[in-house]
Each structure stands twice: as C-alpha cells, then as structure tokens.
Trainee: 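My questions all concern the structure below.
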Protein chains: 2
Amino acid sequence: MSATHTEVSAQVNGPCGDDDCGIRDVLDRIGDKWTVLVIVELSKGVRRFRELHRAIPGISQRMLTLTTRRLWRDGLVERTAHPTIPPQVEYRLTPMGRSLAEAVERLADWSRAYKDTMAHAREQWDAEHAGDA
Amino acid sequence: MSATHTEVSAQVNGPCGDDDCGIRDVLDRIGDKWTVLVIVELSKGVRRFRELHRAIPGISQRMLTLTTRRLWRDGLVERTAHPTIPPQVEYRLTPMGRSLAEAVERLADWSRAYKDTMAHAREQWDAEHAGDA
DNA sequence: CAGGATCCTAAGGGATACTG
DNA sequence: CAGTATCCCTTAGGATCCTG
C-alpha cells in the first residue's frame, strides 16, 4: 500500500503541493454541529422548517435558522417561501448541495466501516495508558 | 423518532434509515480546527513533532500535542518515540488513518471543485439581500 | 526536542421570549 | 409557522512558562 517514500513524493498522494488545499474550506462549512445533519435530512427530499426541526433532534430554532441560512447563502440549498398565512418555507438541496451530500455520505460510510475498529483502538490505548495523567 | 410520518422515499438515497448515521461521529473527530491538517500532512509521509509543527502554520504546540494524541488514541496514527536525547517522536498514519485521509481528500476535491461556485453564490446572495438586517 | 501545566479569551451554541 | 432578539454559559483553542 504505502510506498517506501519519505517526502520526496509529496505530490503523489497529496492532491495539493504543499498547501492545505481546500480542506479547511469545507470543514469551516460543514464542521459545525448541525450543517451536515441538515444536509443529510435534505438529501431525503424537500423539507419545511418545522420538518427539519423535528427531524433533527436537539437543534434549536436559532441554530436551524442560522444553519439553513448559511447553506442558502452558499448556494447549497434553495429556499422557497410561500407567502401564505401561516408562512410556509421549503428547503431543498441544489445540485451543488446534492454533490456535497454525496461527499458527506462517503465520509459517513467511512465512519460506519471503522467505528468498531476505532472504539477498540481507544479501549486498548486507554488500557495501556492507565497509569498516565 | 416519529414513525407516523408518510415518508415514502426515506431510504432511497439516504444510506441510513432515519437516524443520523455515523456522520456526527466522523465530524466529532475531524471537525475541529487541526485534525485534518495533521492527517493531510501525515499522508505525505512520516513526520516528527517539530516537522508537523512547522508544516502546519498557526498551530500551537498544545493543539498539536492534543491533536496527535487523539489521533494516536483512536488508532489513526502510530507514534514511535525514540528514547534518545533529545527525544525523537515520529508519527505516521495507520492503514485506518490512510483510509480516512482518502475520504478527506475526496472532500477536498469537492471543495476545490465548487469553491468558485460557492463564492459566486455568496456574492449574489449578499447583493440580493443588501437591504436586510 | 517533545511535550505538560496554567491561564484566559473568543465564539459556538443553548434557552427563552417576542413577532409578522 | 418561521423566524428575531437577548442573555448566558460552556469550551475549543491561543499564549506563556516549565521539564525530562
């Protein structure tokens, strides 16, 4: 798997030369507490504010508002406000949003694949370092 | 959660039934400020503490210590301490760590692919909502 | 060199009350 | 219903000094 390279082949498996690529950009966007959950929920279909709120346990209206607004602003979701009484606002992923949802799903795949391995690694580490502080 | 919902296509493109899958798990691990940067740097090869410190501009020793330790504990990186004076500690990704690095790269790919589109979307949004507060 | 121990602040985010 | 507006508090993380 890993070649016997030291750091000569920095550009082999690193997609960017020596910079941090765009990784921080994505994480600044989805690294918060709720964004991905909203994205995942919206990847299932169109949702209204209230539906999102109930589908994502624990989120406050405030954070849902902030999160949806950020996604909207970034062009990841489309917001449709029906001028009815009471108001109805629908959120749906844009093509770009769906593509992000795809990438996020891959990450979720990884998580499920290695969850047990990581848990076991932690247990073992904790056991081996039981005398430290 | 609510079972009486008439959600027909809930399991179509959603990889998990109605839960949040393991997405939060991953993000709790890589969603912080430095973890991915360390992972990316280590994906280029073995690195010593100092090398990591200099390769990742802005990180403090404290955060580098915490970050590497967490990765180590989770079995994502391997830590080799040479009992020399002065000490030498090498970090390298484990197979599981490399697999995570892969997934992270995919996310970075996405970022680079849509960076401009998002920036443009934001500009437009800001322009259209210049009169709000 | 590779950390540990402390101190301290910025900000993310929760709870609650109000509004169009 | 879909938000706003405030208050408040926890905590990630920076700065600094110390050690084996």
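Since this is a predicted model, take the numbers as computed values, not measurements. Within every chain, numbering begins at 1; the chains are lettered A, B, ... in the order of the sequence lines, protein sequences first and strands thereafter.
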Trainee: Do A:M118 and B:L76 make a side-chain contact, defined as non-hydrogen atoms from C-beta onward lying under 4.5 Å apart?
Mentor: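 In contact.
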
Trainee: Along nucleotides 14-20 of chain D, 5' to 3', which nucleotides get a B, which get an S, and which get a -, given that the test is a protein heavy-atom distance under 4.0 Å?
Mentor: BBBB--B

Trainee: Over the length of the helix from C:dC1-D:dG20 to C:dG20-D:dC1, how much do the five-pair end axes diverge, rounded to 10 degrees?
Mentor: 50°

Trainee: What verdict does the side chain to side chain contact (heavy atoms under 4.5 Å, CB included) test give for A:L52 and A:T68, after you've listed the backbone C-alpha separation in whole Å, the side-chain angles of each residue and the deciding distance to 0.1 Å?
Mentor: CA-CA 10 Å; A:L52 283 174; A:T68 51; 4.0 Å; yes

Trainee: Expressed as a whole number of angstroms, how long is the span from B:F49:CZ to C:dC1:P?
Mentor: 11 Å

Trainee: Take atom CG of A:L66 and atom P of C:dG13, then tell me their distance rounded to the nearest Å.
Mentor: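 Whole-Å distance recorded here is 9 Å.
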
Trainee: I'd like to know whether A:R106 forms a salt bridge (charged side-chain N to carboxylate O under 4.0 Å, His left out) with A:E102, so could you lay out the CA-CA distance, the side-chain angles of the two residues, the decisive distance to 0.1 Å, and finally the verdict.
Mentor: CA-CA 6 Å; A:R106 299 290 75 77; A:E102 279 278 335; 3.1 Å; yes

Trainee: Check whether more than 12 heavy atoms from other residues, nucleotides or ligands sit under 6.0 Å from atom CZ of B:R79, and answer yes or no.
Mentor: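 It does: B:R79 CZ has more than 12 such atoms within range.
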
Trainee: Atom NE2 of A:H82 to atom C1' of D:dC1: distance rounded to whole Å?
Mentor: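 In whole Å, D:dC1 C1' lies 13 Å from A:H82 NE2.
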
Trainee: Measure from CD1 on A:I56 to P on D:dA2 and round the result to the nearest Å.
Mentor: 13 Å

Trainee: Side-chain contact test, heavy atoms from C-beta onward, threshold under 4.5 Å: evaluate it for B:W34 versus B:L64 and give yes or no.
Mentor: no

Trainee: Figure out the CD/C1' separation between B:E51 and C:dA2, and round it to whole Å.
Mentor: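 Spelled out: CD on B:E51 to C1' on C:dA2 is 13 Å.
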
Trainee: Using the ring-ring contact (aromatic ring centres under 6.0 Å, His included) rule, collect all pairs that involve residues 49-95 of chain B, keeping only residues at least two apart or in two chains.
Mentor: A:W125-B:W72, A:H129-B:W72

Trainee: How many whole angstroms separate atom CZ of B:R70 from atom C1' of D:dG13?
Mentor: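 These atoms are roughly 10 Å apart.
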
Trainee: Between D:dT4, C:dA2, C:dG3, which one does the side chain of B:R48 approach most closely?
Mentor: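 Nearest to the side chain of B:R48 among the choices is C:dA2.
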
Trainee: To the closest 0.5 Å, what do you measure between CZ (A:R92) and CZ (A:R98)?
Mentor: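 It is 9.5 Å, given to the nearest 0.5 Å.
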
Trainee: Tell me whether the OP1 or OP2 atom of D:dG3 has a side-chain N or O from A:Y91 closer than 4.0 Å.
Mentor: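 For D:dG3, OP1/OP2 do have a side-chain N/O of A:Y91 under 4.0 Å.
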
Trainee: In whole angstrom, what separates A:R79's CZ from D:dC1's P?
Mentor: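 Rounded to the whole Å, the gap is 16 Å.
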
Trainee: Just verifying a value: how many Å separate B:I23 CD1 and A:I39 CD1, rounded to the nearest 0.5 Å?
Mentor: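 Atom-to-atom, B:I23:CD1 and A:I39:CD1 are 8.5 Å apart.
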
Trainee: Set out, in order, the CA-CA distance, both residues' side-chain angles and the distance that settles salt bridge (charged side-chain N to carboxylate O under 4.0 Å, His left out) for B:R73 and A:D126, then state yes or no.
Mentor: CA-CA 8 Å; B:R73 181 177 180 239; A:D126 289 345; 2.7 Å; yes

Trainee: Between P on D:dG3 and CD on A:Q88, what's the gap in Å once rounded to a whole number?
Mentor: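 It works out to 12 Å between those atoms.
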
